[in-house]
Amino acid sequence: MILLYIVIGIVVLFFGMQFFMVFKMRLKKGKTAPELSGKAGKLLQKGEQALFYFYSPGCRACKDMTPMMHQMSKYNKGIFPIDISKDMNTAKKFGVMGTPSTVLVKAGTIKEFLVGPQTDAKIASLLRG
């Protein structure tokens with residue numbers, strides 16, 4: 001019986017942490033985007049739209065989305081795929097707590113902060129609207 005309570009406790013803890021992470025990241029909507037350097041920083045300083053896709057090599061959910069985002073970034077200068085194992089600093093500035101995460105910035109403000117894999121249709125609608 002005690003083993004059942006332990007298993008239930010672990011499951012509740014796991015889902016509670018997931019909920020907390022998603023909730024905390026969504027609170028970033030409407031906040032000012034962090035200051036960045038490089039091409040992304042220049043784009044944000046101009047007040048242009050930018051989409052940041054945060055992924056990690058070991059992330060199973062990222063495996064399908066990452067090639068799509070790299071392909072889209074070739075045709076759209078405002079899409080920035082960021083491997084957090086190589087650029088953790090940018091992920092920290094945005095407050096990314098898990099991958100994949102997608103952040104849309106417009107006019108220096110975070111408009112969307114999505115956690116989890118997204119479809120190409122969802123990404124396209126973010127960029128349009």
Examine V12 and M1 and state if one hydrophobic cluster contains both, with Ile, Leu, Val, Met, Phe, Trp and Tyr joined whenever side-chain heavy atoms are less than 4.5 Å apart.
yes
Spell out, yes or no, whether F14 and V11 are grouped together once hydrophobic residues are joined by side-chain heavy atoms under 4.5 Å, including indirect joins.
yes
Roughly how far, to the nearest 0.5 Å, is the [atom2] atom of [Y] from the [atom1] atom of [X]?
X	Y	atom1	atom2	value
N89	S37	CG	OG	8.0 Å
K77	K42	NZ	NZ	12.0 Å
Q118	D64	CD	CG	13.0 Å
F54	T102	CZ	OG1	9.0 Å

Under the rule for side chain to side chain contact (heavy atoms under 4.5 Å, CB included), what residues qualify as partners of L3, not counting sequence neighbours?
none
List the residues meeting salt bridge (Lys or Arg N to Asp or Glu O under 4.0 Å) with K29, not counting sequence neighbours, and say none if there are none.
E112
Could you tell me whether the side chain of T66 and the main chain of K63 form a donor-acceptor pair under 3.5 Å?
no
Provide the closest heavy-atom pair for [X] versus [Y] in the form atom of the first, atom of the second, distance.
X	Y	result
S56	D83	CA-OD1, 4.1 Å
A50	F80	CB-CE1, 4.0 Å
A33	I110	CA-CG1, 4.2 Å

Hydrophobic cluster (4.5 angstrom, side-chain heavy atoms) - remaining members for L127
L51, Y53, Y55, M65, M68, M69, M72, I79, L104, L114, I123, L126
Running the 4.5 Å side-chain criterion over Ile, Leu, Val, Met, Phe, Trp and Tyr, what cluster does I2 land in, apart from itself?
I6, I10
With a 4.5 Å limit on heavy-atom distance, are the side chains of F52 and V96 in contact?
no
Do I82 and F94 come within less than 4.5 Å of each other through their side chains, counting heavy atoms only?
no
Looking at residues at least two apart in the chain, or sitting in another chain, which of them share a side-chain hydrogen bond (donor to acceptor under 3.5 Å, both in side chains) with T109?
none
May I have all residue pairs that pass salt bridge (charged side-chain N to carboxylate O under 4.0 Å, His left out) and include part of residues 92-110, sequence neighbours excluded?
none
